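Owing to the predicted nature of the structure, the values given are computational and were not obtained by experimental measurement. Indexing begins at 1, ligand by ligand and atom by atom, following the structure's order.
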Amino acid sequence: MGKIIGLTYDSKEAWPIQPGQTLDANAEFDPAATIDEIVSALESGGHQVKKIGGARELLAQISNLGVDIVFNVAEGLSGRNRESQVPILLEMHGIPYTGSDALTLGATLDKSVAKKIFVADEIPTAKFFIASEGDDLKELNTIGFPLFVKPCSEGTSKGISLLSRVEDYEGLRRQVDLISECYHQPSLVEQFIKGTEFTVVVLGNETPEAMPVVQYKINDKLELLDDFYTFDRVAAESVKYICPAEIPNNFAKKLQGLAVKVYKSVGCRDLGRVDFRVDEKGNPFVLEINPLPCLAKKDAFGRTANALGIPFEKLVLRVLNEGLRRVNMDRQEAGV
Ligand SMILES: Nc1ncnc2c1ncn2[C@@H]1O[C@H](COP(=O)(O)OP(=O)(O)OP(=O)(O)O)[C@@H](O)[C@H]1O
Ligand SMILES: [Mg+2]
């Protein structure tokens, strides 16, 4: 039987870039086209969709929401708890929702927190330190150069440009100060991993399942070496997604196994996407896990559906069904 599904999201159209903001200020939010794709996918499963909006709209309607479950893709506006806001509100009101809970979303949005969990669970991740404006960078840097500097708690390559790979203290200082000034947060400074790049979608709960590996191609190159993904490159669509990645089976299995380990390590639910860099010797390093990955057709999620040989809509419905099963709503439906 069809359900009434609330959709929580933050749209680019609702948050246009304001004068004085960086060009990537609303990068995390979904364009109307992606939201429409998600709505159609949910409707194709015989469900009725009620578009709610973000945490503020949810708060205004929450005592009278009238939905069976919320399908959550809301990124939140600012701060490292931004993704946790919708789940917290829903949890307080006992409304079931798809995806990870507030704790997992917070711990993974701040990549430095996630990396501490990875280290504790013996998951390979690039060496790192946290730096803020005014810190003594020479004292903090026990890694050497080249380094990669990114905001601690952003996604969609916000704050990442060709200047993010730094070779000396001058570059390091420049990027740390820029992130502090423009993104109002500390920098995560990592050992630069020279090599190739992959991402793996994971679905499920008791026995999470890794989907086919996606490989990133930048400017038609798979051997990225010193190259990497930047906000401008994503916006210009010079990043392509190859799925399934053309890599030996045993290496694909290794990445998939690691992706599931990461997913379990941070307590992900229903869906997640794990990003990797692999060095020239073939050693994988986990960059991050995205419990709220972009669900656009043209992104890694949509490519994964193609590789599985199923329509995009079916993969979106699979996420919903994982959530329904987790909260026992599929059984109610079947009358069990
Ligand atoms: N340590 C590193 N070494 C080399 N390249 C890196 C490193 N960290 C990040 N990158 C490059 O920067 C990109 C973005 O990094 P990361 O995935 O950590 O940030 P994000 O903004 O959360 O990403 P996403 O766009 O997946 O949401 C990576 O896809 C990779 O190309
Ligand atoms: Mg990433």
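- Ion pairing of D275 with K111 is absent here, as no side-chain N (NZ or NE/NH1/NH2) approaches a carboxylate O to less than 4.0 Å.
- Residue-ligand proximity: R273 is placed with a non-hydrogen atom under 4.0 Å from ligand 1.
- Looking at F228, Y216, Y229 and measuring to atom 13 (C) of ligand 1, the nearest heavy atom belongs to Y229.
- The closest protein non-hydrogen atom to atom 21 (O) of ligand 1 is S157 N, 2.6 Å.
- Protein heavy atom at the shortest distance from atom 23 (O) of ligand 1 is E288 OE2, 3.2 Å.
- Ionic pairing of E322 and R326 is not present here: no N-O contact between side-chain nitrogen and carboxylate oxygen is shorter than 4.0 angstrom.
- Heavy-atom minimum distance, D270 versus G99: OD2-N, 2.7 Å.
- Applying the 6.0 Å contact sphere to NZ of K314 captures no more than 12 heavy atoms from other residues, nucleotides or ligands.
- Checking side-chain atoms of Y263 against main-chain N and O of P291 turns up no donor-acceptor pair under 3.5 Å.
- Taking the six-membered ring where tryptophan is involved, the planes of F192 and F148 are tilted, since the angle between them lies from 30° to 60°.
- For atom 19 (O) of ligand 1, the choice among K111, K150, E154 with the nearest heavy atom turns out to be K111.
- Among all protein heavy atoms, the one lying closest to atom 27 (O) of ligand 1 is T156 N, 2.7 Å.
- In plain terms, the two heavy atoms of I160 and S164 that are nearest each other are CA-OG, 3.3 Å.
- Nearest heavy-atom pair across V286 and V262 is CG2-CG2, 3.8 Å.
- Atoms of ligand 1 lying under 4.0 Å from any heavy atom of F192, numbered from 1 in the order shown and given with element: 3 (N), 4 (C), 5 (N).
- Nearest to atom 28 (C) of ligand 1 by heavy atom, out of E197, Q191, E190, R233, is E197.
- Taking the charged nitrogens against the carboxylate oxygens, R277 and E190 have no contact shorter than 4.0 Å, which rules out a salt bridge.
- Protein heavy atom closest to atom 3 (N) of ligand 1, with residue, atom name and distance, is I193 N, 2.9 Å.
- Counting only distances under 2.8 Å, and ignoring water, the protein N, O or S atoms around the Mg ion (ligand 2) are D275 OD2, E288 OE2.
- With respect to atom 11 (C) of ligand 1, the closest heavy atom belonging to the protein is F148 CZ, 3.5 Å.
- Of all non-hydrogen atoms in I52 and E57, the two that sit nearest each other are O-CB, 3.2 Å.
- Scanning the protein heavy atoms around atom 15 (O) of ligand 1, the nearest turns out to be I160 CD1, 3.7 Å.
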